[in-house]
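Take a look at the structure set out below.
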There are 2 protein chains.
Amino acid sequence: MSQYERACLIRGDGGRAIRRLLERIGNKWTLLVVATLHEQRMRFSELQQRVPGISQRMLTLTLQHLERDGLVSRTAYAEVPPRVEYELTDVGCTLIDPAVRLAEWAVEHNPDIDRSQQLYDARKPSDR
Amino acid sequence: MSQYERACLIRGDGGRAIRRLLERIGNKWTLLVVATLHEQRMRFSELQQRVPGISQRMLTLTLQHLERDGLVSRTAYAEVPPRVEYELTDVGCTLIDPAVRLAEWAVEHNPDIDRSQQLYDARKPSDR
DNA sequence: CGGTATCCAGAGTGATACTG
DNA sequence: CAGTATCACTCTGGATACCG
């Protein structure tokens, strides 16, 4: 399969498949939560500590979305005080690999983008 | 490098690298424009025709961001009427591969996600 | 402990009209 | 042709307070 043909996958159905995925993981916290859960199953409060900066509300919302999509499973234990644990499902695990590729690209090309932005911003507006 | 170690890349610097990338490509149009330009260099109006639904304003904004990041180059020809052509830079091209992996995941797992959402939504709110 | 409910500020997006 | 300018709207995310 050629590089060209593969690129067509992105536009595929007018881009609907990948758009849907990006609406999921394109937000501020989802990938961080997924990557954190990949280390091990974890309860709510532990997750909140390991994802620095996330608010209770956003962690709740993120986990609910992930559970609805079947990427994370939620287990509530009938105890007092309550205990709830989250873990990646099998499908959720398969997302790690493509996500890591993206992260590798990001880390590798961050300096390029910095440089390009500085050049761009230094140009006189009239030259743009 | 283990799967576990690779996943750490996502959280890397508190997730800053991949967050920056997702702010770029996580929006509605960027990846569609990149994938379209991957076919060939193209002028503004042609691009607008090939990316169905995009407004003039959003295409302008998307291209300006991509140019600032150094993923797309812009060439204006001093003609009347004006002609401007866009093409992927070398760095821009390297983004195609990880993006395609993501698209492949999206296409492959779309049915899983549909099913999971239907199950989730069918559950009584009290069971959640 | 693990959530909900409410409110608010800001960013992303789109329609429309105008311009070199 | 390839943009800019303006306005309106929606959606996200954050702060805070309360609940089982």
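All values derive from a computational prediction rather than experimental measurement. Order of the sequence lines sets the chain letters (A, B, ...), proteins ahead of strands, with each chain counted from 1.
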Original post:
OP1 or OP2 of C:dG2 less than 4.0 angstrom from a side-chain nitrogen or oxygen of A:Tyr77, does that happen here?
Top reply: no
Original post:
Within a strict 4.5 Å, meaning less than it, do heavy atoms of the B:Gln117 and B:Ile113 side chains meet?
Top reply: yes
Original post:
Going by the side-chain hydrogen bond (donor to acceptor under 3.5 Å, both in side chains) test, which pairs reach into residues 51-61 of chain B, not counting sequence neighbours?
Top reply: none
**OP:** Answer yes if the side chains of A:Ser45 and A:Gln48 hold a donor-acceptor pair under 3.5 Å, and no otherwise.
**Re:** no
Subject >> B:Met58 side chain, from C-beta outward: closest of D:dG13, C:dT13, C:dG3 >> reply: C:dT13
Original post:
Once you round it to whole Å, what is the distance between C1' of D:dC11 and CG of B:Asn27?
Top reply: 14 Å
Subject >> Residue A:Val84, side-chain atoms from C-beta onward, closest of C:dC1, C:dG3, D:dG3 >> reply: C:dG3
**OP:** Specify the separation, in whole Å, of atom CG of B:Leu63 and atom C1' of D:dA2.
**Re:** 11 Å
**OP:** State, without any angle test, whether A:Arg24 and A:Thr30 hold a side-chain donor-acceptor pair at a distance under 3.5 Å.
**Re:** no
**OP:** Please state how far atom CG in A:Leu61 lies from atom P in C:dG2, giving the value in whole angstrom units.
**Re:** 16 Å
Original post:
Quick one: is C:dG3 close enough that its OP1 or OP2 comes under 4.0 Å of any side-chain N or O from A:Tyr86?
Top reply: yes
Subject >> For atom CG of A:Leu32 and atom C1' of D:dG13, their distance in whole Å >> reply: 14 Å
Original post:
How would nucleotides 15-20 of chain C be written as a contact map, 5' to 3', with B for base contact, S for sugar-phosphate-only contact and - for no contact, using protein heavy atoms under 4.0 Å?
Top reply: B----B
Subject >> Distance below 4.0 Å between A:Arg74 side-chain N/O and C:dG3 OP1 or OP2 >> reply: yes
**OP:** Answer yes or no: is there an ion pair linking B:Asp69 with A:Arg115, defined by an N-O contact shorter than 4.0 Å?
**Re:** no
**OP:** Report yes if at least one side-chain N or O of A:Gln48 is closer than 4.0 Å to OP1 or OP2 of C:dG3; otherwise report no.
**Re:** no
Subject >> Side-chain heavy atoms of A:Val84 within contact of A:Glu79, under 4.5 Å >> reply: no
**OP:** Rounded off to whole Å, could you give me the CD-to-P distance for the B:Glu79 and D:dG3 pair?
**Re:** 14 Å
**OP:** In whole angstrom, give the distance that lies between atom CG of B:Leu22 and atom C1' of D:dT12.
**Re:** 15 Å
**OP:** Could you please name the option among D:dA2, C:dT4, D:dT4 that lies closest to any side-chain atom of B:Phe44?
**Re:** D:dA2
**OP:** Hey, which sits more toward the 5' end of DNA chain C by its nearest nucleotide, A:Glu85 or B:Gly26?
**Re:** A:Glu85
Original post:
When the distance from NZ of B:Lys28 to C1' of D:dT10 is rounded to whole Å, what number comes out?
Top reply: 11 Å
**OP:** Mark yes when over 12 heavy atoms from residues, nucleotides or ligands other than B:Arg41 sit less than 6.0 Å from its CZ; otherwise mark no.
**Re:** yes
**OP:** Specify the separation, in whole Å, of atom CZ of B:Arg43 and atom P of D:dG3.
**Re:** 11 Å
Original post:
Would you say a side-chain N or O of A:Ser45 is under 4.0 Å from OP1 or OP2 of C:dC1?
Top reply: no
